[in-house]
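Okay, so here's the structure we're looking at.
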Protein chains: 2
Amino acid sequence: MSISTDPTGWPQSGEMTPEIEAYTLLRQVHSILETYNRYDLRGEDLTVPQFMILNYASRSGVPLSEISARMMCDNSNLTGIVDRLIAKGYVERRPDPNDRRVSLICLTEAGAEKLRNLRPRHHEKLRKRMRSLSEHEVYQLRELLKSLYSSLVNSSDDEHRDKAAD
Amino acid sequence: MSISTDPTGWPQSGEMTPEIEAYTLLRQVHSILETYNRYDLRGEDLTVPQFMILNYASRSGVPLSEISARMMCDNSNLTGIVDRLIAKGYVERRPDPNDRRVSLICLTEAGAEKLRNLRPRHHEKLRKRMRSLSEHEVYQLRELLKSLYSSLVNSSDDEHRDKAAD
DNA sequence: TCAATCTTGTTTCAAATGAAACAGTTTCAA
DNA sequence: TTGAAACTGTTTCATTTGAAACAAGATTGA
């Protein structure tokens with residue numbers, strides 16, 4: 001592990017707007033929590049993305065596209081991860097009788113059991129790690145991020161392009 | 001690009017605490033902004049991690065370890081990225097005369113020029129993307145994340161271990 | 001019907017990432 | 001001074017990621 005303690009880790013330039021600071025902190029918090037998650041799963045025969053897929057799969061099966069949409073990644077990323085989960089016996093691919101293009105990702109009993117075991121512990125650890133924020137602050141954070149998320153998604157194919165607009 | 005618009009992208013279980021929601025949103029916001037950054041740099045001969053290294057390097061040189069600490073990643077990650085930046089002529093490695101273990105990552109004139117050109121535009125884009133939050137909300141978000149960051153860093157080699165404590 | 005178009009998942013490639021092992025340096029205490 | 005321990009950067013390996021091309025299947029409209 002070993003996470004740097006340096007609280008002054010900003011780019012050296014003087015121009016540090018609140019927006020940049022907030023984004024830098026968001027990156028850092030994300031990075032630390034990701035590291036913790038990876039560490040938690042080390043002894044569990046799972047990587048972080050593998051655990052995420054397990055979380056989005058179900059006994060009855062979920063289309064791979066639906067999982068990749070929820071994970072905000074490309075289908076092509078999941079092929080290999082699912083392969084490894086199959087090798088470990090936690091999921092299986094099953095054809096969708098209604099649409100022969102889709103393959104449903106199904107939890108095996110082993111996968112469902114793994115999840116029943118892991119998920120509550122994982123949630124509890126996350127809860128503890130955020131305990132430095134009061135209940136009210138957690139709500140605040142959630143609402144701010146929710147608002148940011150919506151605006152980013154809605155302006156999606158607009159805002160990020162280099163339009164002359166503004 | 002194409003970013004899913006599904007606002008109901010939660011794991012299917014009923015137990016959705018505010019902490020989990022906040023963390024999920026943090027992941028999602030991070031993912032979207034990362035995608036935008038990647039898109040912005042597509043035409044600039046740079047990837048996101050390459051641009052980050054450029055931001056942390058300087059004309060006079062910065063030790064690779066210092067850059068990896070700021071980026072919260074392992075030294076071994078940077079070797080390859082720096083190699084590619086050298087191939088593109090944006091940085092060079094120079095031995096530190098005071099410590100023969102360290103190699104200083106130095107911006108070339110081309111790299112410095114690239115940065116002078118890109119950084120202001122990058123900051124402006126980020127600012128616009130967060131414009132849905134009021135000035136006050138940006139401050140709030142920054143303070144919440146700063147608080148979370150500090151507590152995560154301080155409890156670093158403690159909190160994430162599976163101590164019986166609590 | 002049938003051809004253009006979209007969708008789904010895979011393959012391939014380049015890049016990034018984390019972990020472990022390693023060699024060369026430096027530090028520090030005995 | 002010397003030997004153990006720590007530090008710095010690279011190498012190697014397995015995994016993840018994004019992008020583009022692709023094949024097979026579904027959909028749509030003329």
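Quick note on labels: first sequence line is chain A, next is B, and so on, each numbered from 1. All values reported here derive from a predicted model rather than from experimental measurement.
Look at CG on B/Asn37: it is 17 Å from P on D/dT17, rounded to the nearest Å. Rounded to an integer number of Å, the gap from B/Asp74 CG to D/dT8 P is 12 Å. Distance A/Leu78 CG to C/dT8 P: 13 Å, rounded to the nearest Å. When rounded to the nearest whole Å, the span between CG of B/Asp45 and C1' of C/dA15 equals 14 Å. Summarising the geometry, the separation between CZ on A/Arg38 and C1' on C/dT17 is reported as 8 Å, rounded to the nearest angstrom. One can place CG of B/Asn75 at 13 Å from C1' of C/dT17, the figure rounded to the nearest angstrom. If you take CD1 of B/Ile53 and C1' of C/dT17, they are 12 Å apart, rounded to a whole angstrom. As a whole-Å value, the separation of A/Asn77 CG from C/dA15 C1' is 13 Å.
A salt bridge is defined here as a Lys NZ or Arg NE, NH1 or NH2 lying under 4.0 Å from an Asp or Glu carboxylate O, and B/Arg129 with B/Asp40 meets this definition.
Applying the salt bridge (charged side-chain N to carboxylate O under 4.0 Å, His left out) rule to A/Glu44 yields the partners A/Lys114, A/Arg121; only residues at least two apart in sequence or on another chain are considered. Residues forming a salt bridge (charged side-chain N to carboxylate O under 4.0 Å, His left out) with A/Arg94 (at least two apart in sequence, or on another chain): A/Glu92. Looking at residues two or more places apart in sequence or on another chain, you find a side-chain hydrogen bond (donor to acceptor under 3.5 Å, both in side chains) between B/Arg116 and B/Glu109, B/Glu113. B/Glu19 is linked by a side chain to side chain contact (heavy atoms under 4.5 Å, CB included) to A/Arg127, A/Met130, A/Val138, B/Thr17, counting only residues two or more places apart in sequence or in another chain.
Mapping B/Arg42 and A/Met71 onto DNA chain D by nearest heavy atom places A/Met71 closer to the 5' end of the strand.
Residue B/Leu104 is found in a hydrophobic cluster whose other members, listed by chain and number, are B/Val102; membership requires side-chain heavy atoms under 4.5 Å apart, directly or through intermediates.
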- request: Run the numbers on B/Glu137 and B/Ser134 for side chain to side chain contact (heavy atoms under 4.5 Å, CB included), then give the verdict.
  value: CA-CA 5 Å; B/Glu137 287 174 322; B/Ser134 70; 3.3 Å; yes
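Ranking C/dA15, C/dA19, D/dT15 by closeness to the A/Gln50 side chain, first place goes to D/dT15.
Across all strands, A/Ser76 comes closer than 4.0 Å to base atoms (heavy-atom distances).
When Watson-Crick and G-U wobble pairs are counted only if both distances are under 3.5 Å, C/dA30 pairs with D/dT1.
Proximity of residues 79-103 of chain A to DNA chain D (heavy atom under 4.0 angstrom from any strand atom) is restricted to A/Ile81, A/Arg84, A/Asp99, A/Arg100, A/Arg101.
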